[in-house]
Participant: 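Questions regarding the structure given below will be posed in turn.
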Number of protein chains: 2
Amino acid sequence: MSPGHSEGTDCPSTKVEETQACELRDLLDRLADKWSLLVVELLGERTHRFTELRRAIDDISQRMLTLTLRRLERDGLVHRTVHPVVPPRVDYELTPLGAALLDAVGPLVTWSRRHPGEIARARAAYDEQVA
Amino acid sequence: MSPGHSEGTDCPSTKVEETQACELRDLLDRLADKWSLLVVELLGERTHRFTELRRAIDDISQRMLTLTLRRLERDGLVHRTVHPVVPPRVDYELTPLGAALLDAVGPLVTWSRRHPGEIARARAAYDEQVA
DNA sequence: CAGCATCCTCCGCGATACTG
DNA sequence: CAGTATCGCGGAGGATGCTG
């Protein structure tokens with residue numbers, strides 16, 4: 001893989017000590033890319049195989065699914081099990097850490113369900129006003 | 001899939017109905033960029049002026065702060081008050097919606113504080129094994 | 001089936017300069 | 001002070017092709 005490690009642990013000059021933004025930003029950076037959270041949620045339901053995930057998400061490219069899973073694995077959120085059979089079979093599941101994280105995301109999920117389209121509506125209103 | 005506009009409301013072909021991923025992804029897309037959450041957290045403490053935010057975050061570019069605030073405003077999370085004085089003064093504060101959202105993020109913040117560096121450690125372990 | 005490698009495009013974002 | 005306008009690069013990520 002490319003050596004472009006821009007590991008977020010550096011925690012730059014943001015002076016927001018009170019909010020301890022560093023940890024949080026790392027976390028967000030991990031979850032906030034286009035697919036990670038989706039994958040974590042699916043794995044929260046049950047173990048999935050590679051292709052299952054691929055089909056469940058459907059418009060994810062194979063490359064991005066691989067990358068996403070590798071990153072999640074690397075960060076200790078997802079566990080990867082290779083079954084030495086032919087054809088190959090690989091299972092992905094949440095680690096305890098991953099499950100805990102998913103729990104922490106729960107309220108956010110709930111919130112988004114409770115406020116369906118509120119952001120979208122505000123957006124539409126704003127746009128209309130501008131137009 | 002048509003790239004079209006970046007408006008998330010289209011909620012494409014992701015078949016993850018159970019997780020209602022669309023809303024959530026919209027939400028994440030809004031929060032997950034480099035600065036939004038940081039801004040929302042600061043505004044959660046109190047109202048800030050433009051330059052206050054700029055100094056609090058410090059390594060945000062002026063352009064990105066403007067863009068971030070505009071997007072948050074557009075999405076109904078932040079309210080912008082222009083005081084017609086010289087020199088100009090603009091205050092930013094959370095809307096009720098924004099405050100509610102911040103609450104929903106709370107557990108995530110707490111979690112990240114409770115697991116300091118756990119992800120970073122897993123990452124280091126993983127990298128060592130690979131190397 | 002579950003990947004890795006390569007190429008290429010698009011746009012996020014920083015740097016810089018100008019304004020009411 | 002609080003923006004807007006323009007330029008340019010770097011990296012995220014899609015498409016495609018090859019492998020064990």
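Every heavy atom of this structure was used, including side-chain atoms; hydrogens, water molecules and symmetry mates were not. What you see is a predicted model; the values in this text were computed from it and never measured. Throughout, protein chains are lettered first and strands after them, A, B, ... in sequence-line order, and every chain is numbered starting at 1.
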Participant: Just the rounded figure in Å: distance from C1' of C/dA2 to CG of A/L67.
Facilitator: 14 Å
Participant: Measure from the side chain of A/M64, starting at C-beta and using heavy atoms only, and say which of D/dG14, C/dC1, C/dG14 lies closest.
Facilitator: D/dG14
Participant: Indicate whether OP1 or OP2 belonging to C/dA2 is found under 4.0 Å from a side-chain N or O atom of A/R80.
Facilitator: no
Participant: Is there a side-chain contact between A/R74 and B/V130 (heavy atoms, below 4.5 Å)?
Facilitator: no
Participant: Quick one: B/I60 CD1 to C/dG12 P, roughly how many Å, whole number?
Facilitator: 15 Å
Participant: What is the distance, to the nearest angstrom, from the CG atom on A/L65 to the P atom on C/dC1?
Facilitator: 14 Å
Participant: So which one's nearest nucleotide on DNA chain C is more toward 5', A/F50 or B/K34?
Facilitator: A/F50
Participant: Which of the following nucleotides, C/dA2, D/dG13, D/dA2, is nearest to the side chain of A/R71?
Facilitator: D/dG13
Participant: Can you see if the side chain of B/T51 gets near the phosphate of D/dA2 - specifically, an N or O under 4.0 Å from OP1 or OP2?
Facilitator: yes
Participant: So, OP1 or OP2 of C/dC1: does either fall under 4.0 Å of a side-chain N or O from A/Y92?
Facilitator: no
Participant: Rounded to the Å, how far apart are A/L69 CG and D/dG13 P?
Facilitator: 14 Å
Participant: Within the 4.5 Å heavy-atom criterion, are A/R30 and A/L77 side-chain neighbours or not?
Facilitator: yes
Participant: Could you check how far CZ of A/R54 sits from C1' of C/dG3, rounded to whole Å?
Facilitator: 11 Å
Participant: Hey, which sits more toward the 5' end of DNA chain D by its nearest nucleotide, A/D33 or B/R63?
Facilitator: B/R63
Participant: So do the side chains of A/F50 and A/T66 get within less than 4.5 Å of each other, counting heavy atoms only?
Facilitator: yes
Participant: Using side-chain heavy atoms (C-beta onward) and a distance below 4.5 Å, is B/E45 in contact with B/L42?
Facilitator: yes
Participant: Nearest whole angstrom, please: distance from the P of D/dG13 to the CG of A/D59.
Facilitator: 13 Å
Participant: Ignoring backbone atoms, establish whether B/W35 has a side-chain N or O less than 4.0 Å from OP1 or OP2 of C/dG14.
Facilitator: yes
Participant: OP1 or OP2 of D/dA2 versus the side-chain N and O atoms of B/R49: is any pair under 4.0 Å?
Facilitator: yes
Participant: Which pair of heavy atoms, one from A/M64 and one from A/R71, lies closest together, and at what distance?
Facilitator: CE-NH2, 3.7 Å
Participant: Just the rounded figure in Å: distance from C1' of D/dG3 to NE2 of B/H48.
Facilitator: 19 Å
Participant: Between B/E52 (CD) and D/dG3 (C1'), how many Å, whole number?
Facilitator: 16 Å
Participant: Ignoring hydrogens and angles, answer whether the base of C/dC4 and the side-chain atoms of A/Q62 contain a donor-acceptor pair closer than 3.5 Å.
Facilitator: yes
